[in-house]
Amino acid sequence: MRTNVDVDYLFRLMAQEKKRQLNTLELIPSENFVSDNVLKALGSILTNKYSEGYPGKRYYGGNQWIDKIEIKVQKLALEVFGLEENQWGVNVQPYSGTPANYEVYFALLRPGEKLMGMSLTAGGHLSHGHKVTYSGRTYQAVAYGVDRNGWLDYEEIEKLALEYRPKLIVAGASAYSRKIEFDKFRAIADKVGAYLMVDMAHIAGLVAAKLHSSPFEWADVVTTTTHKTLRGPRGAMIFARKDKNVKFYGQEMSLFEAVNKAVFPGMQGGPHNHQIMAIGVALAEALSPRFADYARQIVINAQVMAEEFLRRGYKVVSGGTDNHLLLVDLTPRFGPGWGGAVEKLLELSGITVNKNVVPYEQASPFWPSGIRLGTPAVTTRGMKEEEMVKIVELIDRVVRAIKPDWVKGRKSNKELVDEIVAKVVETKITDKILIEVERLTSNYPLFGW
Ligand code: DSN
């Protein structure tokens, strides 16, 4: 291969990122590490092919093998979630989670119609109607939240639905650690004649392993990304009912047909065939008994982590977790607004988490009061309960290096956070933790599985 300085530079950056992934503890709940076979599919010649349309109905020739791949991936997707082909169809072409959600809105709603989803501050996702997004600007979005303890309050959601009468209700979250009761959402949707869409992106792997109740019994449409607990490539799928109809721009058709039209030609062009192939590989992996063991360990690990935080006196939103993630509210220790400083210090210690708003956040969303942690990626490395306790100990040592009187009663901002971070770095605690993290990660090598 001919060399080129820019290409070399890019590959050097990629090598650095690989090193980061190998040597740090990845605790962002929406991230994971894929298998070598998934990587092989993603980095394959399938990226060369154009195939607008669907199997058997393409706008380009030469799709005989692509058709077979897409059909097989659809079958695997239905099998993983125990679905019958006469009731459910699946579109495996969405580029990612946000486009998948918008494609469903395009299929079911007209601009200006009402959509109800969980608010971002309560743990929902931007694409569920947040005002700065396409979903919030195109539809009239109404947001539901959680109660003071951080739990979904179905009576409140019902009240809101009865008041606003949305045409579509979205259930699903990005920072909610408890089981979502899809049957209750269905009952609410039925009361107001709304469609029910479940965005199971975060918990798809747990649903596949039957560790979370299935949304398919209750929802009209289910969207998911494929790269979180499902441990596939970055990508998404939309499942839609074939036995329920909708009027799509004057034409009566099944929800599944409307979703297909919304994906292509509605909102996307050529499918990413390398990505579809990699989704298929991940789905085949999800069907193995090893995946069920993996998913069980994700939840055990998250619960052990939550218990250890509680034992060390931290506030865990909702008091614990039923799934793969937990939200630690740092307000009692530091006052509002210091999640960002903790995120930065943990990053310098080789531990990756994300700052996150907490329910009834008193600080700004840019400088929120919590951190969100999840176990899918460290569980892929093979870490178990003992390591979770160790990780919480490491995090605690970093957090305790921030003296509450440095921050309490002060409003966080970039300068102040930089100042606090510098003060802690001076104590050398981040260097010490970094060494311990490298020791821990070297015992659980990544890649090659
Ligand atoms: N951005 C993802 C998350 O981190 O939860 C959701 O799409």
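Count residues from 1 along the sequence.
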Determine whether the aromatic ring centres of [X] and [Y] lie less than 6.0 Å apart.
X    : Y    : value
F264 : Y59  : yes
F182 : F185 : no
Y105 : Y195 : no
H274 : H272 : yes

Side chain proximity check, [X] to [Y], heavy atoms < 4.5 angstrom:
X    : Y    : result
P233 : H227 : no
K384 : T379 : no
P29  : N354 : yes
L25  : I391 : yes
V417 : W367 : yes
T375 : L325 : no
F33  : E26  : yes

Step by step, would you call F106 with Y139 a ring-ring contact (aromatic ring centres under 6.0 Å, His included)? CA-CA 10 Å; F106 183 35; Y139 309 102; 9.3 Å; no

For a quick check under 3.5 Å, do E17 and Q21 share a side-chain donor-acceptor pair by atom type? yes

Just checking, any donor-acceptor pair under 3.5 angstrom between side chains of E257 and S254? yes

Within 45 degrees of the ring normal and closer than 6.0 Å to the centroid, is that where the cationic atom of R148 sits relative to Y360? yes

Distance under 6.0 Å and angle within 45° of the ring axis: does R234 meet both against Y95? no

Whether [X] side chain and [Y] backbone form a donor-acceptor pair below 3.5 Å:
X    : Y    : value
K242 : E85  : yes
E361 : A363 : yes
S369 : P336 : no

